[in-house]
Amino acid sequence: MKTGWNFHELYLWHDTGNAAQFFPAGLTIEPGEHAENAATKRRFRNLMEVSGLTDQLVKVNSIPVDEDDLALFHTRDYIRRIKAQSDDRGGDASYLTPFGRGSYDIACLAAGGTFALMDKVLSGDIDNGYALVRPPGHHAESDKGMGFCLFGNIPVAILKNRKKHRFDRVATVDWDVHHGNGTQAAFWSDPGVFTISLHQERLYPHDSGDREERGEGAGFGYNLNIPLPAGSGHGAYIAAFEQVVLPALAAYKPDLIVVPSGFDGSGADPLGRMMLHSETYRAMTRMLMDAAEELCGGRLVMSHEGGYSAAYVPYCGLAVMEQMSGIKSQIDDPFLPIFQNYHGQELRPWQQEAISAAAELLAGIR
């Protein structure tokens, strides 16, 4: 198994400034660390190195995308506005998405890292891989940034690679706790990309991610949302995969599976109310790997999104990387015994109702 790994130190230099979680500091809001800061990614990278796993992966270098690449998804006006602010003192991409000087270039590098990793998988140089990128991307829409995201890393990578590799079908499986509205919008009318999102119902954005959002025109039926009630844990997510995600992938038969990978569904996360743990992410990775092996030659790409517990993100990430690479490190998750005692281990009736409602939409997949 050849597993790729993309990381660049500049990802950590993206500056989101001071805030009270995500509200700008002011006379009534004491300055503090912004929720989307470098710590979670740095500690994930560091645990990978301490585990010895990094040395056993295939390093994939970032290739920055340019304005024309970004324009495959984003409007020229939006791209140029972000660049102008980045060249000055930084700014806000709208909806409480601040960035500092130079963040345009870092965001181009992050989208390029996702592109490069996907390119290596599609070329057959590696079997699968993970891009530990920053800033994240799954909330960014064509003409605005949202939810700490500047550019759509995955949409740009898919569209750029589609021009190069001429594949027919891609499926995205977004397990970030927040709805992947940007990825959904990018491919709303495109039957060549099947977007699936599992997320906490009505969390963020509060007005998107409903089951009724299914795409339009030629893309109708190729967007599948699985909104789960707050408090859902391991049992609910595994059931959602078994009853909805895997049958949907089998029906669609993609050439590549891509995961917008956020770890903010964990029981330790401050911006979500789900109860997942590292073994949940390991199990979901295993199921996607099995599906990829059966459907598309094992081609599986993950690109990092959210996750705001600096203490716990690294253990969720390590579990995913151990599963992807087939290499078990000597590091155990110290939080796991606590989290496995949560009630979220079981599947509750109201969680099954949400999963069954999503499963009813599978008949529309062709």
Side-chain angles (χ1 to χ4, degrees), residues 16 19-24 26 28-29 34-37 40 73-74 78 92-99 135-155 172-188 195-216 219 223-233 236-237 240 244-245 259-276 304-309 344 348 350-358 360-361:
T16 49
Q21 278 208 340
F22 44 79
F23 289 110
T28 60
I29 300 178
H34 194 282
E36 203 295 295
N37 60 73
T40 55
F73 173 41
H74 296 284
Y78 174 66
D92 194 313
S94 79
Y95 296 93
L96 302 176
T97 301
F99 60 94
H138 75 146
H139 292 308
E141 297 192 353
S142 64
D143 59 350
K144 61 179 177 286
M146 291 179 64
F148 320 146
C149 302
L150 295 186
F151 298 129
N153 299 325
I154 286 174
T172 67
V173 181
D174 189 333
W175 62 38
D176 190 282
V177 79
H178 305 103
H179 176 235
N181 61 291
T183 313
Q184 171 178 292
F187 303 109
W188 186 244
T195 52
I196 304 172
S197 178
L198 302 91
H199 48 271
Q200 183 180 323
E201 186 174 19
R202 296 297 178 97
L203 178 59
Y204 182 87
H206 66 86
D207 57 352
S208 74
D210 292 340
R211 286 184 294 272
E212 293 74 18
E213 299 165 21
R214 302 186 62 194
E216 67 179 10
N223 185 80
L224 179 62
N225 287 318
I226 310 171
L228 297 171
S232 295
Y237 273 75
V244 187
V245 175
V259 178
S261 173
F263 297 119
D264 37 13
S266 83
D269 201 90
L271 297 188
R273 293 296 177 267
M274 296 308 211
M275 305 176 78
L276 309 186
H304 198 80
E305 296 289 351
Y308 306 97
S309 170
R348 302 296 181 177
W350 56 90
Q351 296 164 353
Q352 179 60 62
E353 289 176 8
I355 294 166
S356 296
E360 292 177 2
L361 304 176

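Contact annotation: the side chain of Thr172 never approaches that of Val259 to less than 4.5 Å [non-hydrogen atoms, C-beta and beyond]. With a 4.5 Å cut-off on side-chain heavy atoms, Pro155 and Phe187 count as touching. Between Ile355 and Leu228 there is a side-chain heavy-atom pair separated by less than 4.5 Å.
Gln351 and Pro229 get closest at one heavy-atom pair: CG-CG, 3.9 Å. In this structure, Pro24 and Ile29 approach most closely via the heavy-atom pair O-CD1, 3.5 Å. Between Glu305 and Cys149, the shortest heavy-atom contact is OE1-SG, 4.4 Å. Minimum heavy-atom separation, His138 to Pro260: CB-CB, 4.4 Å.
Considering Asn153, Asn223, Asp176, Thr195 in turn, Thr195 is the only one that fulfils the side-chain contact (heavy atoms from CB on, under 4.5 Å) rule with Thr183.
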Go through the steps to decide whether Leu271 and Gln21 satisfy the test side chain to side chain contact (heavy atoms under 4.5 Å, CB included), and finish with yes or no.
-> CA-CA 9 Å; Leu271 297 188; Gln21 278 208 340; 3.3 Å; yes
Would you please test Leu361 and Arg211 for side chain to side chain contact (heavy atoms under 4.5 Å, CB included) and show each step?
-> CA-CA 8 Å; Leu361 304 176; Arg211 286 184 294 272; 4.0 Å; yes
Evaluate the salt bridge (charged side-chain N to carboxylate O under 4.0 Å, His left out) criterion for residues Arg202 and Asp210: first the C-alpha distance (whole Å), next the side-chain angles of each, then the deciding distance (0.1 Å), finally the verdict.
-> CA-CA 8 Å; Arg202 296 297 178 97; Asp210 292 340; 2.9 Å; yes
Check the pair His178, Gln200 against side chain to side chain contact (heavy atoms under 4.5 Å, CB included), reporting the backbone distance first and the verdict last.
-> CA-CA 6 Å; His178 305 103; Gln200 183 180 323; over 6 Å; no
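Between atom OG1 of residue Thr40 and atom NE2 of residue His304 there is a gap of 5.0 Å, rounded to the nearest 0.5 Å. Rounding to the nearest 0.5 angstrom, the gap separating the CZ atom in Phe22 from the NE2 atom in His34 is 8.5 Å. From Ser232, atom OG reaches atom CZ of Arg348 across 10.5 Å, with rounding to the nearest 0.5 Å. For the atom pair Trp175 CH2 and Phe263 CZ, the distance stands at 6.5 Å (nearest 0.5 Å). Separation of atoms CG (Asn37) and CZ (Phe148) is listed at 10.0 Å; rounding is to 0.5 Å. Summarising the geometry, atom CG belonging to Asn225 is positioned 7.5 Å from atom OG belonging to Ser208; distances are rounded to the nearest 0.5 Å.
With hydrogens and angles ignored, the 3.5 Å screen pairs a side-chain donor or acceptor of Ser94 with a backbone N or O of Gly145. Using modelled atom types, one side-chain atom of Asp264 and one backbone atom of Val177 make a donor-acceptor pair closer than 3.5 Å. Ser356 contributes a side-chain N or O that, together with a main-chain N or O of Gln352, makes up a donor-acceptor pair within less than 3.5 Å. Panel note: side chain Thr16, backbone Glu36; a donor-acceptor pair is recorded below 3.5 Å.
Side chain to side chain, Asn181 and Glu141 meet the donor-acceptor criterion of an N or O pair below 3.5 Å. A donor-acceptor contact closer than 3.5 angstrom is absent between the side chains of Asp269 and Ser309. Judged by distance alone, the side chains of Gln184 and Asp174 never bring a donor and an acceptor atom under 3.5 Å apart.
Ring geometry for Tyr78 against Phe151 counts as perpendicular: the plane angle is over 60°, on a 0 to 90° scale with 30° as the lower cut. In this pair, His139 and Tyr204 present their aromatic rings perpendicular. The plane angle is above 60°, beyond the 30 to 60° band.
When ring centroids are compared, His179 and His199 come within the 6.0 Å threshold.
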